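Computed from heavy atoms alone, side chains included, the values below leave out hydrogens, waters and symmetry copies. All values derive from a computational prediction rather than experimental measurement. Counting convention: from 1, in listed order, for ligands and their atoms alike.
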Amino acid sequence: MRLLIVGAGGMLGSDVVAEAQRRGHDLVALEGRTALDITNLNDVKACLAVNRPETVINCAAWTNVDGAESEPEAAWRLNALGAAHLAAACAETNSWLLQISTDFVFDGTKGSAYHEFDPVNPQSVYGASKEAGERLVRQCLPSRHMIARTSFLYGKQGKNLVDTIVRAAKSRPSLTFVEDQLISPTSTVDLARVLLDLATDPLPGTYHVANAGQCSLLEFARFIVAEAGLSTPVLATTFAEYVATAKPAASRPQVSPLERRMLALRGMDTMPDWKDALKAYLVP
Ligand SMILES: NC(=O)c1ccc[n+]([C@@H]2O[C@H](COP(=O)([O-])OP(=O)(O)OC[C@H]3O[C@@H](n4cnc5c(N)ncnc54)[C@H](OP(=O)(O)O)[C@@H]3O)[C@@H](O)[C@H]2O)c1
């Protein structure tokens, strides 16, 4: 399959490239905005017209959640308009578009895991811009799009919370994490595998793709510290206390694990449990 990967130098993009290479696909990997700036419609159309991919995987995004609150225009330009540009260009070349999205399209008040057919209600600039990107992709490319929502990524490329926790546990007497914020932490290696399964066997729609199970941030941090062979105590705080003291610029969903209903319905749910995924990541 001829694949074009945008944002190929990012945390997810680099593992999508590795998985595509492992499977022997014919690959055009565009690492970042200097290779192709997806906010420029003419450049996007010209790039697809030359490369004529069967499928485009869009791993490019504005991912600075708090920073988006002070730079909303830049976040919207990349996450909403950039996605629309790719979809419009795919319409001209008869390509599929696999667009990556986020659990931040939900408000986190459902109280349990979200499936693909739950109503969205983003609470931040990042979440709203990603949700607008989803809608534009559906509108511009109704019969050849897939939207893969994922959550709380960690991978070898760039910075992630897993490495931050290990580093902090080595240097601090104790750590504190939220006990009532629930997530589906996800390995970019596992996600990349399922994204390529979807690209190979496409069916239009929205898919939740996260590691199986769910945990609180406190459980997540304690598991990482233990797996790293450390004994640093990890203390509990509440979501409300965290918001009151840290005052993050952007609102975050308090409970936003992802149920993989569409993958299950299609018999394609091969996502490992979050603990197994973390163990694989933390192997020295
Ligand atoms: N990270 C998470 O925890 C998380 C959670 C849920 C969903 N997601 C979603 O997963 C996807 C991948 O996230 P990630 O964390 O892997 O992202 P990332 O590491 O921040 O990488 C983003 C990529 O986008 C590229 N990029 C930035 N501006 C661009 C532009 N104008 N044109 C083309 N490329 C551009 C960046 O390259 P340059 O900077 O070199 O241009 C980089 O390669 C995103 O859709 C994100 O919303 C992430």
Atom indices of ligand 1, in the order listed, that fall short of 4.0 Å to a heavy atom of [X]:
X     : value
Asp37 : 30 (C), 31 (N), 32 (N)
Glu31 : 37 (O), 43 (O)
Gly9  : 43 (O)
Leu36 : 32 (N), 33 (C)
Gly32 : 34 (N), 37 (O), 38 (P), 40 (O), 41 (O)

Does a donor on one side chain sit under 3.5 Å from an acceptor on the other, for [X] and [Y]?
X      : Y      : value
Gln99  : Asn58  : yes
Tyr207 : Asp269 : no
Arg138 : Thr206 : yes

Counting heavy atoms only, which of [options] comes nearest to [atom]?
atom                    : options                     : value
atom 47 (O) of ligand 1 : Phe104, Tyr126, Trp62       : Tyr126
atom 9 (C) of ligand 1  : Leu12, Ile100, Leu258       : Ile100
atom 32 (N) of ligand 1 : Ile38, Leu30, Val105, Val16 : Ile38
atom 12 (C) of ligand 1 : Ala35, Cys59, Gly13         : Cys59

Option from Ile224, Leu217, Leu153 for which side-chain contact (heavy atoms from CB on, under 4.5 Å) with Leu161 holds: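 Exactly one option meets the side-chain contact (heavy atoms from CB on, under 4.5 Å) with Leu161, and it is Leu217.
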Name of the residue among Leu258, Val194, Leu191 meeting side-chain contact (heavy atoms from CB on, under 4.5 Å) with Thr186: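 Exactly one option meets the side-chain contact (heavy atoms from CB on, under 4.5 Å) with Thr186, and it is Leu191.
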Starting from [atom], what is the nearest protein heavy atom, named by residue and atom, and what distance separates them?
atom                    : value
atom 28 (N) of ligand 1 : Leu78 CD2, 3.3 Å
atom 48 (C) of ligand 1 : Leu153 CD1, 3.6 Å
atom 6 (C) of ligand 1  : Thr150 O, 3.4 Å
atom 13 (O) of ligand 1 : Thr63 CG2, 3.8 Å
atom 19 (O) of ligand 1 : Met11 N, 2.9 Å
atom 5 (C) of ligand 1  : Phe152 N, 3.6 Å
atom 24 (O) of ligand 1 : Ala60 CA, 3.3 Å
atom 44 (C) of ligand 1 : Ala61 CB, 3.4 Å

Cationic N near anionic O, under 4.0 Å, Glu219 to Arg222: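 Between Arg222 and Glu219 there is no salt bridge, as every charged N stays at least 4.0 Å from the carboxylate O atoms.
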Short N-O contact, Asp66 and Lys247, less than 4.0 angstrom: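 Salt bridge flag = no for Lys247 with Asp66.
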Please confirm whether [X] comes within less than 3.5 Å of ligand 1 when only nitrogen or oxygen atoms on both sides are compared.
X      : answer
Lys130 : yes
Gly10  : yes
Arg33  : yes

NZ/Lys156: more than 12 non-hydrogen atoms of other groups inside 6.0 Å: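 Atom NZ in Lys156 is packed in, count exceeds 12.
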Greater than 12 external heavy atoms within 6.0 Å of Arg2's CZ: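 Atom CZ in Arg2 is crowded, with more than 12 foreign heavy atoms closer than 6.0 Å.
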Distance flag, aromatic centroids of Phe220 and Phe177, threshold under 6.0 Å: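 Centroid distance Phe177-Phe220: not below 6.0 Å, so no.
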Expected output: side-chain Lys130 to main-chain Ile100 donor-acceptor under 3.5 Å: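 Here the side-chain-to-backbone pair exists.
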Close approach of Ser101 to ligand 1, heavy atoms, under 4.0 angstrom: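 Yes.
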Sub-4.0 Å heavy-atom approach of Gly158 to ligand 1: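 No heavy atom of Gly158 comes that close to ligand 1.
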Chi angles and distances behind the side-chain hydrogen bond (donor to acceptor under 3.5 Å, both in side chains) call for Arg149, Tyr114: CA-CA 11 Å; Arg149 293 192 189 126; Tyr114 285 94; over 6 Å; no
Candidate pair Tyr281 and Asp163, rule side-chain hydrogen bond (donor to acceptor under 3.5 Å, both in side chains), full reasoning: CA-CA 10 Å; Tyr281 178 80; Asp163 296 344; 2.9 Å; yes
